[in-house]
Amino acid sequence: MTGLIADSGDLGLIRESTAAIAARYGHAYYADRARAGGHIAELWAELGQAGLLGVHLPAEYGGGGAGLTELVVVTEELAAHGLPLLIAVISPAICGSILAAHASSEMKASWLPALADGTRRMAFALTEPDAGSNSHNVSTTARRDGAGWSISGGKYYISAADECEAMLLVARDGSAPAGPRNPLSLFVVPTGAPGVTLQPIPTALVCPDRQFTVFLDEVRVGPDTLIGAAGAGFRQVFAGLNPERILAAALCNGIGRYAIGKAAEYARQRKVWSTPIGAHQGIAHPLAQAHVEVELARLATARAAELFDGGQDAASAANIAKLAAADAALAALDQAIQTHGGNGLALEYGLADLWFVTRLMRTAPVSREMVLNFVAQHSLKLPVSY
Ligand SMILES: Cc1cc2nc3c(=O)[nH]c(=O)nc-3n(C[C@H](O)[C@H](O)[C@H](O)COP(=O)(O)OP(=O)(O)OC[C@H]3O[C@@H](n4cnc5c(N)ncnc54)[C@H](O)[C@@H]3O)c2cc1C
């Protein structure tokens with residue numbers, strides 16, 4: 001299938017290396033693991049050993065020294081083989097980017113090489129029951145406790161917390177007075193620390209990364225677990241939110257390619273009248289339209305990554321890419337299911353089980369409505385309703 005994005009040089013090599021590994025696993029591996037409640041440890045280890053998880057992390061800390069542009073290629077290519085890995089967006093992309101930008105050299109040395117080679121993973125714990133889209137409302141609180149901190153509160157929908165040795169946790173600074181814009185601090189909290197409890201949240205997603213409520217009951221952590229300065233967390237978290245949005249877009253673009261690729265192949269083969277069903281415009285045009293939308297989303301994603309890597313303001317581009325890619329992926333998947341007729345619903349064809357993980361991308365990591373709020377306020381200078 002030809003597309004608008006043509007990789008050259010290193011990007012082409014990164015795509016080929018990712019594709020070579022991903023092709024040996026494929027969607028059936030992903031779906032089987034997800035249904036059995038298992039993880040994708042072998043695949044993760046291979047990607048880490050090949051240097052693909054840390055392509056964007058600094059070379060002095062074991063990364064590839066490249067940028068988000070390269071990680072976009074890895075994430076998209078995995079999803080294009082039916083392997084949309086939430087953990088790839090979380091551990092190397094959000095957590096790795098925040099640590100690379102704001103952690104002390106000791107914390108970077110301790111974590112970045114291991115995030116890059118895949119031997120350690122980190123979850124990202126921002127969302128709370130009363131602080132979803134409104135991250136300022138976080139009530140999990142870190143209070144000074146001797147030289148360190150005592151953290152209490154709760155997080156929910158924390159992906160892959162059971163697979164991760166630690167979570168990058170956003171907490172309110174207990175020493176500051178409560179207000180509408182609480183100062184936030186970031187900590188690296190071990191998931192096995194006394195006082196941390198994980199409780200699985202059953203969801204409709206068929207995905208090897210499970211979701212958890214995380215309870216924190218006076219969890220004591222040392223001073224070395226704080227990232228950057230206390231109370232400076234909101235600014236620091238932004239180091240990870242644009243990469244998160246760009247990588248979520250890349251994941252969607254990969255799903256879109258996967259779905260359209262399968263649908264086009266099916267439409268070339270399947271005959272119920274005298275011609276393959278792909279000859280009917282009722283099948284061909286919606287697939288062609290889906291391909292156009294996915295290609296446009298890929299361009300938007302590549303542009304957002306390019307701005308981020310160039311040190312420019314990538315917020316609008318990241319939000320736009322994420323919304324476009326999530327919508328394009330869901331439309332592509334829906335059309336691929338439709339193209340397969342009844343088989344579209346059969347697990348054997350590897351489409352229907354991707355529905356909820358794809359649908360998730362309209363809600364998380366940032367909802368459609370919050371993206372549109374951002375665009376309305378920042379691009380169109382419209383007033384804020386909240
Ligand atoms: C499977 C899954 C995995 C997740 N993984 C993680 C994770 O690893 N780490 C983490 O921290 N979080 C995670 N999340 C949480 C996710 O980021 C949030 O669900 C998402 O940001 C939306 O927040 P919310 O669920 O509280 O919805 P709410 O904020 O309650 O919003 C509900 C609805 O109201 C709309 N809305 C809210 N405010 C406005 C407004 N001002 N204007 C217009 N519309 C508005 C929203 O767009 C949404 O449609 C995950 C969620 C899911 C479902």
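Order of listing sets the numbers, starting from 1, for every ligand and every atom in it. Residue numbers run from 1 in the order of the sequence given.
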Test log, rule side chain to side chain contact (heavy atoms under 4.5 Å, CB included), inputs D217 and T197: CA-CA 8 Å; D217 183 13; T197 312; over 6 Å; no

Steps toward side chain to side chain contact (heavy atoms under 4.5 Å, CB included) verdict (N253, E295): CA-CA 8 Å; N253 295 336; E295 287 299 310; over 6 Å; no

Just which atoms of ligand 1 are under 4.0 Å from any heavy atom in [X]?
{"X": "S367", "value": "46 (C), 47 (O)"}
{"X": "Y386", "value": "41 (N)"}
{"X": "G132", "value": "23 (O), 24 (P), 26 (O), 29 (O)"}

Proximity winner for atom 16 (C) of ligand 1, if only heavy atoms of A160, A364, A123 are counted: A364

Option with minimal heavy-atom separation from atom 35 (C) of ligand 1, where the choices are E369, R362, E244, R359: E369

Do me a favour and list the nearest non-hydrogen protein atom to [atom] with residue, atom name and distance?
{"atom": "atom 15 (C) of ligand 1", "value": "T127 OG1, 3.2 Å"}
{"atom": "atom 8 (O) of ligand 1", "value": "S159 N, 3.0 Å"}
{"atom": "atom 38 (N) of ligand 1", "value": "M370 SD, 3.9 Å"}
{"atom": "atom 9 (N) of ligand 1", "value": "F124 O, 2.8 Å"}
{"atom": "atom 13 (C) of ligand 1", "value": "Y157 O, 2.9 Å"}
{"atom": "atom 21 (O) of ligand 1", "value": "P365 O, 3.5 Å"}
{"atom": "atom 19 (O) of ligand 1", "value": "T363 CG2, 4.4 Å"}
{"atom": "atom 27 (O) of ligand 1", "value": "S133 OG, 4.1 Å"}

Under 4.0 angstrom from [atom], is there any protein heavy atom?
{"atom": "atom 53 (C) of ligand 1", "answer": "yes"}
{"atom": "atom 32 (C) of ligand 1", "answer": "no"}
{"atom": "atom 49 (O) of ligand 1", "answer": "yes"}
{"atom": "atom 11 (O) of ligand 1", "answer": "yes"}

Salt bridge flag under 4.0 Å for residues E42 and R33: yes

N/O separation below 3.5 Å, N373 to ligand 1: yes

L126-ligand 1 polar pair, N/O distance under 3.5 Å: yes

Row check, W149 ring normal vs R220 NZ/CZ: under 6.0 Å, within 45°: no

Proximity of L360 to ligand 1 by residue part, where a heavy atom lies under 4.0 Å: side chain

Would you give the length of the straight line joining atom [atom1] of [X] to atom [atom2] of [Y], rounded to the nearest 0.5 angstrom?
{"X": "L169", "Y": "I151", "atom1": "CG", "atom2": "CD1", "answer": "5.5 Å"}
{"X": "R359", "Y": "D334", "atom1": "CZ", "atom2": "CG", "answer": "12.0 Å"}
{"X": "N319", "Y": "N242", "atom1": "CG", "atom2": "CG", "answer": "7.0 Å"}
{"X": "C95", "Y": "I90", "atom1": "SG", "atom2": "CD1", "answer": "7.5 Å"}

Ring pair (Phe, Tyr, Trp, His ring centres under 6.0 Å) between Y30 and H81, worked out: CA-CA 10 Å; Y30 175 98; H81 285 79; over 10 Å; no

Aromatic plane relationship, Y266 with H340 - under 30° parallel, 30 to 60° tilted, over 60° perpendicular: parallel

Connected via hydrophobic side-chain network under 4.5 Å: I21 and L53: yes

Transitive ILVMFWY side-chain link F212 to I94, under 4.5 Å: no

